[in-house]
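Everything below concerns the one structure shown next.
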Amino acid sequence: MKNYMVFDIGGSSIKWSVITENGDFKENGSIKTPDNKEGFFQSLENITNEMKEKFNVEGIAISAPGAVDSVTGIIGGLSAIPYIHGPNFKEILKESTGLNVAIENDANCAALGECWLGAGKENNDMAFIVCGTGIGGAIVKDRKLHVGVHKHGGEFGYCSVSCTFDEEGVKCLSWSKAGSTIQLANNVAKLKGLEEGSLTGLDVFELCEKGDEIALKEVDKYYYTMAVGIYNIQYTYDPEVIILGGAISEREDYVNQINKHMEYLMKNTSLEGTIVPSIKKCKYGNDANKLGALYNYFQSVAK
């Protein structure tokens with residue numbers, strides 16, 4: 001059984017695992033994300049070399065934020081870790097460890113993880129949506145990522161789900177703003193006369209459970225916004241399944257509520273579509289990133 005070193009890079013921590021070729025986790029750990037490039041790559045090298053001795057790992061798979069070019073191994077764009085943008089991960093880590101390296105964007109990795117072993121393992125075509133402080137996502141076609149010419153394939157958060165017209169002109173809201181838990185919390189805070197940032201998305205859902213009328217109304221709007229965005233994906237790409245990830249998707253009734261609001265939109269508004277999206281919750285949660293990073297390694301290196 002072959003073993004692989006897998007890293008999931010985040011702004012505050014780097015999570016790592018040794019994972020077998022079948023997707024079984026053999027060892028896990030995490031470290032605080034270093035504050036400089038040298039410390040960062042030294043940490044990855046040290047962990048990898050230690051696990052090489054213990055498990056004889058075959059290669060390195062990485063999930064990272066930003067506009068990852070999986071071919072060159074260079075991360076473009078911006079993220080919470082400025083120094084990772086520019087260095088060639090493949091060259092640096094292969095030189096220091098002697099192992100082949102594959103790297104891909106974290107949302108894309110989560111989608112691949114669910115495609116490989118998770119909620120989409122029986123499907124060839126799927127869309128993955130990360131629901132949280134913004135909206136992210138990925139598109140999988142024939143069990144491979146579709147990233148697009150500008151590496152923005154699946155960046156659903158940039159799509160507009162709201163457009164209004166008044167004497168001041170056109171006002172549009174991106175899905176990341178209209179469908180974010182931050183926007184939801186700020187809307188409720190404003191209506192309650194509280195300071196912006198004084199509530200979190202979790203606070204709002206707790207208020208709903210207590211029957212708070214303002215929270216109930218704004219959460220209802222939130223679910224309709226999510227339903228509209230998902231409906232648009234269905235009729236843009238027509239995937240077999242749309243999988244939802246992110247912390248809020250772990251709520252027990254989350255998918256049921258979106259399905260309920262989707263049904264209302266399709267039966268009681270002027271929307272003409274008749275294909276009801278198949279919506280599922282992410283199976284592996286935070287581990288989906290690491291599983292997908294390894295699946296990406298298999299597709300790009302271990303062919």
- prompt: Transitive ILVMFWY cluster of Leu78 at side-chain heavy atoms under 4.5 Å: who else is in it?
  reply: none

query: Pairs in or reaching into residues 165-184: which pass salt bridge (Lys or Arg N to Asp or Glu O under 4.0 Å), with residues at least two apart or in two chains?
result: Asp166-Lys171, Glu168-Lys171

message: Check the orientation of Phe205 and Tyr223. Use parallel for under 30°, tilted for 30 to 60°, and perpendicular for over 60°.
response: perpendicular

I'd like a table of donor-acceptor pairs (distance under 3.5 Å, sequence neighbours excluded) in which one partner is a side-chain atom from residues 244-255, with atom names and distances.
unit_1, atom_1, unit_2, atom_2, d
Ser249, OG, Gly246, O, 2.6
Arg251, NH2, Glu209, OE2, 3.2
Tyr254, OH, Tyr222, OH, 2.7

Just distance, no hydrogens or angles: give the donor-acceptor pairs under 3.5 Å from side chains in residues 18-31, sequence neighbours left out.
unit_1, atom_1, unit_2, atom_2, d
Thr20, OG1, Asn22, N, 3.2
Thr20, OG1, Gly23, N, 3.4
Thr20, OG1, Asp24, N, 3.1
Glu21, OE2, Lys2, N, 3.0
Glu27, OE1, Lys54, NZ, 2.7
Glu27, OE2, Lys54, NZ, 3.4
Asn28, OD1, Ser17, OG, 2.5

- prompt: Does Asn36 use its side chain to pair, donor to acceptor, with the backbone of Glu38 at less than 3.5 Å?
  reply: yes

message: Are Val68 and Val71 linked, directly or through intermediate hydrophobic residues, by side-chain heavy-atom contacts shorter than 4.5 Å (ILVMFWY only)?
response: no

- line: By side chain to side chain donor-acceptor pair (under 3.5 Å), Asp287 pairs with (sequence neighbours left out) none

task: Kindly write out the residues that satisfy side chain to side chain donor-acceptor pair (under 3.5 Å) with Glu155, not counting sequence neighbours, or none if the list is empty.
output: none

field: Check: Asn186 side chain, Gly197 main-chain N or O, donor-acceptor pair, under 3.5 Å
entry: yes

message: Does Asn46 have more than 12 heavy atoms from other residues, nucleotides or ligands lying within 6.0 Å of its CG?
response: yes

- request: Just grab all the ring pair (Phe, Tyr, Trp, His ring centres under 6.0 Å) pairs involving residues 44-102, residues at least two apart or on different chains.
  value: Phe40-Tyr83, Phe40-Phe89, Phe41-Phe89

- line: Students should find that the hydrophobic cluster of Val170, defined by side-chain heavy atoms under 4.5 Å apart, otherwise consists of Phe165

- prompt: Is it the case that one hydrophobic cluster holds both Val101 and Ile92, taking links as side-chain heavy atoms less than 4.5 Å apart, direct or via other members?
  reply: yes

task: Could you pull out all residues at least two apart from Glu58 that satisfy side chain to side chain donor-acceptor pair (under 3.5 Å)?
output: none

message: Students often mix this up, so state it plainly: with edges at 30° and 60°, are the rings of Phe156 and Trp175 parallel, tilted or perpendicular?
response: tilted

statement: The salt bridge (charged side-chain N to carboxylate O under 4.0 Å, His left out) partners of Lys192 (sequence neighbours excluded) come to Asp212

Contact list for residues 270-279, test side-chain hydrogen bond (donor to acceptor under 3.5 Å, both in side chains), sequence neighbours left out: none

query: Can you tell me if Ser13 uses its side chain to pair, donor with acceptor, with the backbone of Lys15 under 3.5 Å?
result: no

message: Which residues pass the side chain to side chain donor-acceptor pair (under 3.5 Å) test with Asn124, not counting sequence neighbours?
response: none

